[in-house]
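Notes to accompany the following structure.
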Amino acid sequence: MLIQNFFRDGCKELLRGGWMYRLWVGLLLLMIAAGGGFYLEQLDQGLVITGLSDQVSWGYYIANFAFLVGIAASAVLLVIPAYIFNRKDIEEVVLLGEAMAVAAVVTAILFVVIDLGRPDRLWHLIPLLGRFHFPQSLLAWDVLVLSGYLVLNCAISFYLLFCHYRGRSPVFGRYFPFVILAMFWAIGIHTVTAFLFSANSARPFWHGALLGPRFIASAFVSGPALLIVALQIIHRIGHLRVNRSVIETLALIMTVSLQISLFFVGAELFTDFYNTGSQHVASSKYLYLGLDGFSGLRPWIWTALTLNGIAVTILMIHPLRRNLVTLNTACLLAYCGVWMEKGMALVVPGFIPTPLGEIFEYLPTVSEVIIATGCWAVGVLLFTLLVKAGAPLELGRLHRTDGEQDVVAANGPSGGPIPTSSAQ
Amino acid sequence: MVWNNHENSNMSDQHDVSTQSAGTVTVPDPHRRRLLKQLGIAGAAGTTAASAPAWGGSTLLDALGGFFQDQYQRMSPSEIEAALARIERKAKRDLGVDIHCDNTPPQAGVVFGYALNVSRCRGYRDCVQACIQENNHGRDPSSTAYIRVLELDHGQMNLEQADQYYDPETVPVPGKYYLPVQCMQCADPPCVKACPVEATWMEPDGIVVVDYDWCIGCRYCMTACPYWARHFNWKQPTIPADQVNPDTHYLGNRPRPVGVVEKCHFCIQRTRKGRLPACAEACPTGARVFGNLLDPHSEIRYVLANKPVFQLKSELGTEPKFWYFTD
Ligand code: SF4
Ligand code: SF4
C-alpha cells in the first residue's frame, strides 16, 4: 500500500513543474520520437541504413555505448567519498550520482539493443530460456554486469528514498553492504567493457593491457565533468542544495584523471610510433596520421586531443579551476574530448585496416545519428525525471500523507549562489 | 606451366564477364561502395523481394513458430522437422522457389580439412563464383562472399599490402601471387567463444556453423575472427528465383534472414553427403585439396605429411583446419 503511494506521489511530482520543465521534457520527447521513427525504418530495412559494413561492423552506436558505461561507472566518485570518507556534503548529493548511473546504464543498454541485427531475439540472452554463453563470452559478461549494476543502483536508491518517504532514517546495515558491492561493481562494468574490446587478438589496436586503465581514467574525466555541470544546474533550478565543496572535490578528481588519461595516450603513441612494424601501428597510423590516403578520423582525434589539452591546462591552474565559468568551460571541453576520443576514435580504428588488410572507412549516416540522439534523449529524460521525483523525496518535501509520521523539510531548496562554505 | 598465355587471357576474360553479370565482390573502388551504402542506393537497388518487411512475409503461425524456435542443438527431432518445413514454406513465399532443406548429420570418424596449393592458384576467382551460386548468396553488388582472393606482391606476406579488389585485364599478373582466404574452421575458434548466445559452434566434423535462426546479430563474432571470415546480412539478401540452389542444409546454404551473421561452412550440404565443396570442384587448376583429416589415406593427409604447409596467422593460436602449401 505504502509502496503504491510512494510511486503514485512520485509520479504526481513528475506532472508538476513550470513551463521550462515542460518545454525541456517536450523537447526530449520530440527527439525520442524522431529517433524512434528512424529506428522503425532500421527495423524494416535492416542495419543497411547505417554506415556500417562488414569491414567496420561496429560504429557510432557501440562508441556511445562504451562512453556511457564510463559515465555510469563514475558514479562511484560520489559514492566513495560519501560513504567511505564520510563526506556529509557529498552524501547529500549522492543520490544524484545514483540517478546518473541508472540513466547512463539504461542508455548504454539501449545502444547495444539498437545495434542488434535481431532485437526480436533478445530473449535468447535470458539464461535457461535462451542460451546464455557465460562465462566464455565477454559480451555475456557485459550483459550480466550491466544489468546487475542497474538492479543494484535502483535498489539502493529506492531503499534510501523510500526511507525518506516514510520519514525514517535508513538502517545502515541494510544498505551499506550493497553500497560497497556497487562500488566494486562500478569498476567492474567498465573493466569488462574494456575487456570486451581488448580480448580480441584479431584486433591489434585494442589488444593491449592498457585499454582497461585508459577506460577507467577517461571515465573519471567525463563522469565528473557531467556531474559538475548537472549539479550546478540542479542547484540553480532549486531542487537540491549543492555545496561548493562537492564541486571542488569533483574538479580535483577530474584534473588528476585527465592528466593520467593523457599520459596513457602519450604512452601508447610512443609504443606505436617509435618502432614501426607492429600491427597495432597500422590502425594508429590511420587514426593519427592517415593511412594510404585515408584519414577520416585524423581531424576527429586531433580535435579531441586539443579539447582535452585545453581542459587540462585550465584545470591545472588553481584560480581558473575555482572560477565556475572557466571550470564549466573545462568540463564541457573535457566531456566532448573524451566522448570523441573514447567513442569513435577508439572503436572505429579497431576495424581499420580489416584483418585482411583492407582499408574501408566508416561514416555514420544521418539516420544513425538521429537514432543515437534519440537514445541520448531517453537517457537525459530518465535522469531529469529521476531527479524531479527524487529531489523532493530526498529533501523530505514529499512524504507519506496518511498522517502517521510527518516530517518537516529540514532544509528547503535554495536558489541563490552556491555557498562557498566547506563541510570539511 | 599448365596454362599458356592464350588460355590465361581466355580464362580471365570469361571470368571478368561472369563477375560483372553476377555482380559480386569485385567492385574495384571501396569509395564507391561506401557512397552507395550511404546513399542507401545499394539497399534499394532493383529488388523486388527485398520489399518484404524485416521479419514479415510469413503467416502468423510460421511467425510465431519462428519466434519461439529453440536453438538448433537443443531442438527435438520433431521440432527440427517443423523448423525445416517452415524454412521451405518461407522460401516458397519469399523467393517463389521449392527448396529442399535437410539437416544431414555429421558422419562418424570424419573431421574435414582443407589445403590450398598457393603455387597453383592463379587468381581466377572461379571458387568465389561457385561459392556464391552454391550457397545462395544475394546477387547484388553489395552482397557478401565467403571467399576473398588476395593479390600480393612476390616476396610479400604483409596482408596490409594485399588487394582483394584486383581487376586487371588478365590474371595472373606477373610478379603477383594469389592467396584465397575463407573461414579456416579453427579448432579453437575465437568466434565461438565470443558469441553471447551460442548461436555459433563447432560440429563434430569440425565445421564451425551458425544457427541463423538463433543469432541475435550482435556481430561480436565478426570482431573476434582474425580472418575476416564472418559476414553480416545488412539487408535481406535477394536471389532471382532461377538462380536459387534448391538443395539446402539448415546449417548451410539455406536462404538467410536479414540481421544475422553467416560464414563459410565447407559446403556442409554437399560434404556431409560425400561430395566436394563447390570451390574445390570449381577450381580449374586443382589448387584445392579437401578431405577427411582422420583418414590416413586421404589426399589431404598426404599433403600435410609431404608438402611444405603453413597456416595463415598461426601465431594467433586459433588452430586453423585450412592450410596453404606449395609444390
Ligand atoms: S576463421 Fe573466423 S569464423 Fe572461421 S572458425 Fe576461425 S574465427 Fe571462426
Ligand atoms: S552475431 Fe550472431 S553468431 Fe555472432 S556473436 Fe552475435 S549472436 Fe553470435
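Just so you know, these numbers come straight off a predicted model, no measurement behind them. Quick note on labels: first sequence line is chain A, next is B, and so on, each numbered from 1.
The shortest non-hydrogen separation linking Ala202(A) to Thr223(B) is CB-O, 4.1 Å. Taking all atoms of both residues into account, the shortest heavy-atom contact from Arg203(A) to Cys225(B) is NH2-O, 4.5 Å. Nearest heavy atoms, Pro196(B) versus Ala140(A): CB-N, 4.0 Å. For Pro355(A) against Pro226(B), the heavy-atom pair with the smallest separation is CB-O, 3.1 Å. The two atoms that bring Glu358(A) and Tyr165(B) nearest to each other are OE2-OH, 2.6 Å, heavy atoms only.
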Open item on the list: I'd like to know whether Phe232(B) forms a side chain to side chain contact (heavy atoms under 4.5 Å, CB included) with Leu47(A), so could you lay out the CA-CA distance, the side-chain angles of the two residues, the decisive distance to 0.1 Å, and finally the verdict.
Closed with: CA-CA 10 Å; Phe232(B) 186 73; Leu47(A) 280 151; 3.6 Å; yes

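Using a 4.5 Å cut-off between heavy atoms, Phe351(A) touches chain B through its side chain atoms alone. Using a 4.5 Å cut-off between heavy atoms, Gln71(B) touches chain A through its side chain atoms alone. For Val181(B), the part lying under 4.5 angstrom from a heavy atom of chain A is the side chain only. When heavy atoms are compared at a cutoff of 4.5 Å, Cys218(B) approaches chain A by way of both its backbone and its side chain.
For the set Gly317(B), Ala229(B), Cys215(B), Pro190(B), the count of heavy-atom pairs under 4.5 angstrom toward chain A peaks at Cys215(B). When each of Ala224(B), Ala199(B), Cys195(B) is checked for heavy-atom pairs under 4.5 Å with chain A, Cys195(B) comes out on top. Chain B forms more heavy-atom pairs under 4.5 Å with one residue of Leu196(A), Asp142(A), Val113(A), Ile62(A) than with any other, namely Leu196(A). Taking chain A as the reference chain and counting heavy-atom pairs below 4.5 Å, the highest number among Gln161(B), Gln73(B), Lys193(B) is found for Lys193(B). Contact tally against chain A (heavy-atom pairs below 4.5 Å) for Val261(B), Thr318(B), Asp213(B): the top residue is Asp213(B). Most heavy-atom pairs under 4.5 Å with chain B, from the set Asp292(A), Leu291(A), Leu356(A), Val143(A): that is Leu356(A).
Side chains of Ile49(A) and Lys235(B) form no contact here, defined as non-hydrogen atoms less than 4.5 Å apart. Looking at Ser57(A) and Arg230(B), their side chains never come closer than 4.5 Å, going by heavy atoms from C-beta outward.
Side chain of Tyr220(B) to main chain of Leu138(A): no donor-acceptor pair is present (N/O by atom type, distance under 3.5 Å, no hydrogens or angles). With Arg219(B) contributing its side chain and Trp58(A) its backbone, the two residues share no donor-acceptor pair below 3.5 Å.
Within a 6.0 Å radius of CH2 in Trp141(A), no more than 12 heavy atoms belonging to other residues, nucleotides or ligands are found.
Checked by atom type, the side-chain pair Trp228(B)/Asp54(A) shows no donor-acceptor distance below 3.5 Å.
Scanning residues 121-130 of chain A against chain B with a 4.5 Å non-hydrogen threshold yields Arg121(A), Trp123(A), His124(A), Leu125(A), Leu128(A), Leu129(A), Gly130(A), sorted by number.
In this structure, the separation between OG1 on Thr354(A) and CE on Met222(B) is 10.5 Å, given to the nearest 0.5 Å. Atom CG of Leu52(A) and atom CH2 of Trp234(B) lie 4.5 Å apart (nearest 0.5 Å).
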